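What follows is a single structure, written as structure tokens, with notes after it.
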Amino acid sequence: MSQPLAGRNVAVAVGGGIAAYKACDFVRELRRQGAEVRVAMTRGACEFVTPLTMQNLSGHPVFTDTFEASQDHAYGHLQLARWADLFVVAPATADLLARIRAGLGNDAVTTTLLAFRGQVLLAPAMNTAMWDHPETQATVQALAAQPKYRFVGPVAGPLADGDVGMGRLAELPALVEATVSLAVQGPLAGKSVLVTAGPTREFLDPVRFLSNPSTGKMGLAMGEVARALGARVTVVLGPTEASVSKGLEVVRVTSADDMLAAVMPRVEAADVFVAAAAVSDWKAQTVSALKTKKGDGPESLVLVRTPDVLATASAKVHENPRRPLLVGFAAETNDVEAYARGKLERKRLDLVVANDVSAPGSGFGVDTNRVVVFSRDGEAGRAEGPKREVARAIWDVVLGRLK
Ligand code: CTP
């Protein structure tokens, strides 16, 4: 089954109307389409559907109260706003629409929406008289004039109160279709992104290898964000236990040579190549087919260089009239800027993302990172925080260059 929302984080905000019960099926359907779903509910919504129902359907705790310390810790409005790629308000009541229009932040839903930078799909549902009211119509028109907001529905038909008229929540297939079409319209729609991520292993014999502590999380975050922005993403991934989100095509590799073999046939078709892998720089000159037995004396190992995947790919695409944007990473412990800019020149890159792996909260194995992005013209951006947010900031720089 194709899952058009695979790899997308969709936040559903539920307003307090009778159509709130339909949000249950909607959440379930979004998950069937591959989305990760988290739910925020107004106080009114909780009168119609319990947060526990939504928690079970979405698989995550539900955000209902901005001021409850435990909720703020687990899913505060800022966390939920940062997490989401896309917001759907279903049902959007007259009151909720008016509060969004006024820029209020007076409950869990509106504070989160205020903190959210992406696009919002509004699915109104209310009684016909309320829909027709000049204030509601003025609200809808004002919101519809902003590119940030899209509407789906309402539709005409029998209403819960016995009336027949305009005001029914859009039907489930229409809600899902509108969500999907918004999700695939990101700034990287139609673009193809190739990422290397994770460490490599250079085996000495069948039971021993050279490697490094990379987990691949930064590269995977780069892939996930690109996917969320609409790209087709392939990640060439070294050995790692890190979980891989569903929307990514993954090619598993072990050694630097494998990584090179996976990258070279794919790089020319890419629009952006992001080399985030921590490739081992050396391998054993000879690899023993049998386990090497230990002796008593000192041992020596002859090492030779592995191929530089990024530099080799860069040299190849520079021969072409059209080439991908090339983004390298530089993990350094000292003289970060000078070394990073050296790599930019030597490997003929467009951008290099430098991180000081010796700084706390940055580098291998942790969930946060602190980076500075350099182009040939100097510093092009910096970011600090969870790896996914850092990835988003790096993509903002890349998007600026793609234009
Ligand atoms: N890289 C690569 N293949 C290698 C080594 C590095 O593709 N064999 C890529 C990395 O994915 C990263 C960039 O090159 O994007 C910088 O990697 P790094 O190992 O820091 O650079 P080196 O050129 O090896 O420099 P040094 O060892 O002097 O730090």
Side-chain angles (χ1 to χ4, degrees), residues 193-203 209-223 226 234-240 242 251 253-268 270 272-285 303-318 323-359 362-364 369-376 380 387 390-391 394-395 397-398 401:
V193 170
L194 180 65
V195 180
T196 66
T200 65
R201 285 181 185 172
E202 312 302 330
F203 276 86
F209 55 77
L210 298 173
S211 192
N212 61 64
S214 166
T215 55
K217 284 183 182 167
M218 191 63 225
L220 286 167
M222 287 298 290
T234 303
V235 182
V236 177
L237 183 62
T240 172
V251 182
V253 296
T254 303
S255 67
D257 286 297
D258 299 341
M259 189 170 273
L260 184 70
V263 164
M264 292 312 275
R266 293 177 169 88
V267 70
E268 282 169 300
V272 184
F273 176 42
V274 178
V279 185
S280 177
D281 287 316
W282 295 280
K283 61 182 177 180
Q285 186 173 38
L303 298 178
V304 294
R305 290 289 303 275
T306 53
D308 188 315
V309 179
L310 175 56
T312 312
S314 173
K316 181 175 184 188
V317 298
H318 268 95
R323 66 167 180 86
L325 201 93
L326 299 167
V327 184
F329 273 69
E332 308 293 348
T333 55
N334 56 290
D335 298 321
V336 177
E337 175 166 355
Y339 281 129
R341 296 183 74 158
K343 284 169 195 176
L344 188 81
E345 294 296 331
R346 208 166 54 247
K347 304 191 189 193
R348 298 171 75 191
L349 309 179
D350 299 290
L351 295 168
V352 67
V353 181
N355 64 342
D356 183 346
V357 285
S358 66
S362 180
F364 291 133
N369 207 350
R370 184 160 61 183
V371 304
V372 185
V373 186
F374 295 101
S375 72
R376 306 244 158 168
K387 284 184 170 169
V390 169
I394 297 168
W395 276 111
V397 177
V398 176
R401 304 261 144 183

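All ligand and atom numbering here is 1-based and tracks the order in the structure. Source: prediction; values computed, not measured.
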Measure the distance from [atom] to every protein heavy atom, then report the residue, atom name and distance (to 0.1 Å) of the closest one.
| atom | value |
| --- | --- |
| atom 7 (O) of ligand 1 | L310 N, 2.8 Å |
| atom 24 (O) of ligand 1 | D281 OD1, 3.3 Å |
| atom 2 (C) of ligand 1 | D308 OD1, 3.4 Å |
| atom 13 (C) of ligand 1 | F329 O, 3.0 Å |
| atom 3 (N) of ligand 1 | V309 N, 3.0 Å |

If the cut-off is 4.0 Å to any non-hydrogen atom of [X], which atoms of ligand 1 fall inside it?
| X | answer |
| --- | --- |
| A277 | 10 (C), 11 (O) |
| A275 | 11 (O), 12 (C), 15 (O) |
| V279 | 2 (C), 3 (N), 4 (C), 5 (C), 7 (O), 8 (N) |
| T306 | 8 (N) |
| G328 | 15 (O) |
| R346 | 23 (O), 25 (O) |

### Query
atom 28 (O) of ligand 1: protein heavy atom closer than 4.0 Å?
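No, there is no protein heavy atom closer to it than 4.0 Å.
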### Query
For A330 and V352, which heavy atoms make the closest approach, and how far apart are they?
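So the minimum-distance heavy-atom pair works out to CB-CG2, 4.0 Å.
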### Query
Taking N or O atoms only and a 3.5 Å limit, does A330 qualify as a polar contact for ligand 1?
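The answer is no, given that A330 and ligand 1 share no N or O pair closer than 3.5 Å.
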### Query
Between K343 and ligand 1, does any nitrogen or oxygen pair lie at a separation below 3.5 Å?
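N/O-N/O distance under 3.5 Å: yes.
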#### Entry: Rounded distance [0.5 Å steps], NZ in K283 versus OG in S255
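If we round to the nearest 0.5 Å, K283:NZ and S255:OG are 7.5 Å apart.
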Would you check if [X] and [Y] make a side-chain contact, meaning some heavy-atom pair closer than 4.5 Å?
| X | Y | value |
| --- | --- | --- |
| V353 | N355 | no |
| V279 | T196 | no |
| F374 | V336 | no |

### Query
With distance as the sole test, does S280 use its side chain to make a donor-acceptor pair with the main-chain N or O of T200 at under 3.5 Å?
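Such a contact is absent between S280 side chain and T200 backbone.
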### Task
Check whether any side-chain N or O of T215 sits under 3.5 Å from a backbone N or O of A242 as a donor-acceptor pair, and report yes or no.
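Flag not set: sc T215 to bb A242 has no pair under 3.5 Å.
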### Query
Got more than 12 heavy atoms from elsewhere within 6.0 Å of OH, Y339?
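Atom OH in Y339 is not crowded, with 12 or fewer foreign heavy atoms closer than 6.0 Å.
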### Message
For D308, is there an ion pair with K347 - N to carboxylate O distance below 4.0 angstrom?
### Response
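Salt bridge present between K347 and D308.
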#### Entry: Member of D350, V317, L310, L325 meeting the side-chain contact (heavy atoms from CB on, under 4.5 Å) criterion with F273
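Exactly one option meets the side-chain contact (heavy atoms from CB on, under 4.5 Å) with F273, and it is L310.
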### Task
Using heavy-atom distances, let me know which of K347, R305, M259, E332 sits nearest atom 22 (P) of ligand 1.
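Nearest heavy atom to atom 22 (P) of ligand 1 lies in K347.
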### Query
Counting heavy atoms only, which part of P307 comes closer than 4.0 Å to ligand 1: side chain, backbone, both or neither?
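Backbone only.
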